[in-house]
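Just so we're clear, the structure is a prediction, and the values are computed from it rather than from any experiment. For ligands, and for the atoms within them, numbers begin at 1 and follow the listed sequence.
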Amino acid sequence: MVSIIKKKSSRISENLVTDEKLYRQRRQFLKTGIFSSAGLSLATYFPTLAMAALSELPNRISNAPRTRTLEEELNTFEEITTYNNFYELGTGKSDPVENASALITDPWSVMVEGECERPGTYTLEDILKPHDLEERIYRLRCVEAWSMVIPWVGFPLADLIQRFKPTSNAKYVAFETLYDESKPLPGQKRQNLAWPYREGLRMDEAMNPLTLMAVGLYGKTMPNQNGAPLRLVVPWKYGFKSIKSIVKIAFVEQEPATSWNMANAREYGFYSNVNPQVDHRRWSQKRERRIGEYFKRDTLMFNGYEEEVAYLYEGMDLSKNY
Ligand code: MTE
């Protein structure tokens, strides 16, 4: 991966600013308003959302209650949607937004296979229907030493996995991104990665409550460049583990092959937990640049999620580049 840091863009459209201001105000209201002060669940006020059809998705996303906050400033919608890594749409940071229309997300289905009782092909609607959506603010730390704070909307991956009833042989979950050899996306015409993009998690990592299946951000449906219509978010790992535009989920017994590890195993491990003590072979991981900020900040162990995930790696030597 190349490491080019773009300065904060000053080109923010009037609409976007207004939109974002309203968004922040509304969220602030939801956070501190009558619902929370009365100790009532927001779900009480937005019933039946779980059963709404796909056409209702934008509505469900914009009404998703915030369940996780962070005392750090959010990156802007513009930053989050114009500075991306999505090699299927090109390797430059602005290529994904420029080529976003090449990714067709309707219709969309996900193939589920391997060690589970309910394999099959599920439409996006099947996948989303039973899940209540929530908004969670997470840090995203890219292995290239930049980071952002993003308000994702999604649901726990654990809840989805449970529906497929994995067997006791399922030790890992493998994911794949869209790849049609006869109609490659612009970036897939180059073989800089072995397509399809592949990622994987150990079963207990996949079941951790922090692991999110995201369908939107900033209260809007997931932009193509951020991995529409369905992407993983694993906030304590380097960003490349958070695979975009998922079309396949496989329950497997052995550690699955993953794209960046296949491309360069010495630089990109299977686990790839954020760890400021373990440098990348070509640069330090001790500090990071938050997009939009000038000075670098310290990188936190497990990207700041140590309390919630450190137990998963007890007994493992974290000084090794896993
Ligand atoms: N998923 C796919 N399919 N293709 C990619 O190139 N890039 C990864 C990850 N998921 C990537 C991907 C990397 S390196 C990062 S840092 C994050 O997506 C970036 O997510 P964002 O663009 O939404 O910030």
Side-chain angles (χ1 to χ4, degrees), residues 1-6 74-100 102-103 105 108 110 137-154 174-180 184-201 211-218 220-249 258-264 267-269 272 274 280 285 288-292 299 303:
M1 283 182 218
V2 280
S3 179
I4 303 166
I5 307 297
K6 199 187 81 170
L74 294 181
N75 279 94
T76 64
F77 182 78
E78 156 130 349
E79 287 163 342
I80 295 168
T81 57
T82 60
Y83 187 90
N84 299 98
N85 274 336
F86 196 173
Y87 274 32
E88 288 86 338
L89 298 178
T91 51
K93 292 290 183 270
S94 58
D95 289 346
V97 65
E98 280 159 22
N99 294 324
L103 175 68
T105 60
W108 194 270
V110 179
I137 300 177
Y138 281 155
R139 297 180 199 91
L140 176 107
R141 168 59 157 86
C142 178
V143 75
E144 296 164 338
W146 55 264
S147 64
M148 295 208 206
V149 175
I150 304 178
W152 300 108
V153 177
F175 303 88
E176 280 182 20
T177 295
L178 178 73
Y179 177 47
D180 179 348
L185 290 165
Q188 290 172 327
K189 291 175 187 157
R190 286 174 58 192
Q191 285 300 323
N192 46 0
L193 281 178
W195 310 113
Y197 194 100
R198 295 169 202 138
E199 257 313 330
L201 295 171
T211 309
L212 197 69
M213 263 297 173
V215 292
L217 59 83
Y218 254 113
K220 299 180 207 296
T221 309
M222 189 69 76
N224 284 2
Q225 61 271 31
N226 293 88
L230 192 67
R231 71 167 290 174
L232 197 63
V233 182
V234 196
W236 70 96
K237 292 179 179 283
Y238 290 119
F240 67 87
K241 299 291 295 180
S242 292
I243 183 172
K244 297 178 170 183
S245 306
I246 295 168
V247 292
K248 189 159 138 189
I249 300 177
T258 55
S259 287
W260 279 104
N261 185 251
M262 288 161 76
N264 191 339
E267 297 190 352
Y268 308 106
S272 286
V274 175
H280 186 276
Q285 294 291 26
E288 68 199 49
R289 191 184 306 280
R290 180 69 45 85
I291 299 301
T299 287
N303 202 21

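Lys241 places no side-chain N or O within donor-acceptor distance of the main-chain N or O of Trp236, the cut-off being under 3.5 Å. For Asn226 (side chain) and Met222 (main-chain N/O), no donor-acceptor pair under 3.5 Å exists by modelled atom type.
Nearest-heavy-atom check against atom 6 (O) of ligand 1 across Tyr179, Tyr83, Tyr238, Tyr87 picks out Tyr87. With Asn192, Asn85, Thr91 as candidates, the residue nearest to atom 14 (S) of ligand 1 on a non-hydrogen basis is Asn85.
Counting only heavy atoms from C-beta outward, the side chains of Ser245 and Phe86 approach each other to under 4.5 Å. Pro186 places a side-chain heavy atom less than 4.5 Å from the side chain of Leu89.
The proximity of Glu88 to ligand 1, defined as any non-hydrogen pair under 4.0 Å, is limited to the side chain. With a 4.0 Å heavy-atom cut-off, ligand 1 is reached by the backbone of Phe86 and by its side chain too.
Ligand 1 is approached by Ser242 to a heavy-atom distance shorter than 4.0 Å.
Looking at Trp260 next to ligand 1, no N or O pair under 3.5 Å apart turns up. Looking at Thr177 next to ligand 1, an N or O pair under 3.5 Å apart turns up. Checked against a 3.5 angstrom limit, the closest N/O atoms of Arg231 and ligand 1 fall inside it. Ligand 1 has no nitrogen or oxygen under 3.5 angstrom from a nitrogen or oxygen of Gln225.
Remark: Glu199 does not engage Lys237 in a salt bridge, criterion side-chain N to carboxylate O under 4.0 Å.
In this structure, the ring of Trp260 has its center less than 6.0 angstrom from the ring center of Tyr87.
A side chain to side chain contact (heavy atoms under 4.5 Å, CB included) with Leu217 is found for one member of Val153, Ile80, Val233 and no other, namely Ile80.
Atoms of ligand 1 lying under 4.0 Å from any heavy atom of Cys142, numbered from 1 in the order shown and given with element: 16 (S). Within ligand 1, the atoms closer than 4.0 Å to a non-hydrogen atom of Leu140 are 24 (O), numbered from 1 in the order shown.
Between Asn224 and Leu103, the shortest heavy-atom contact is ND2-O, 3.0 Å.
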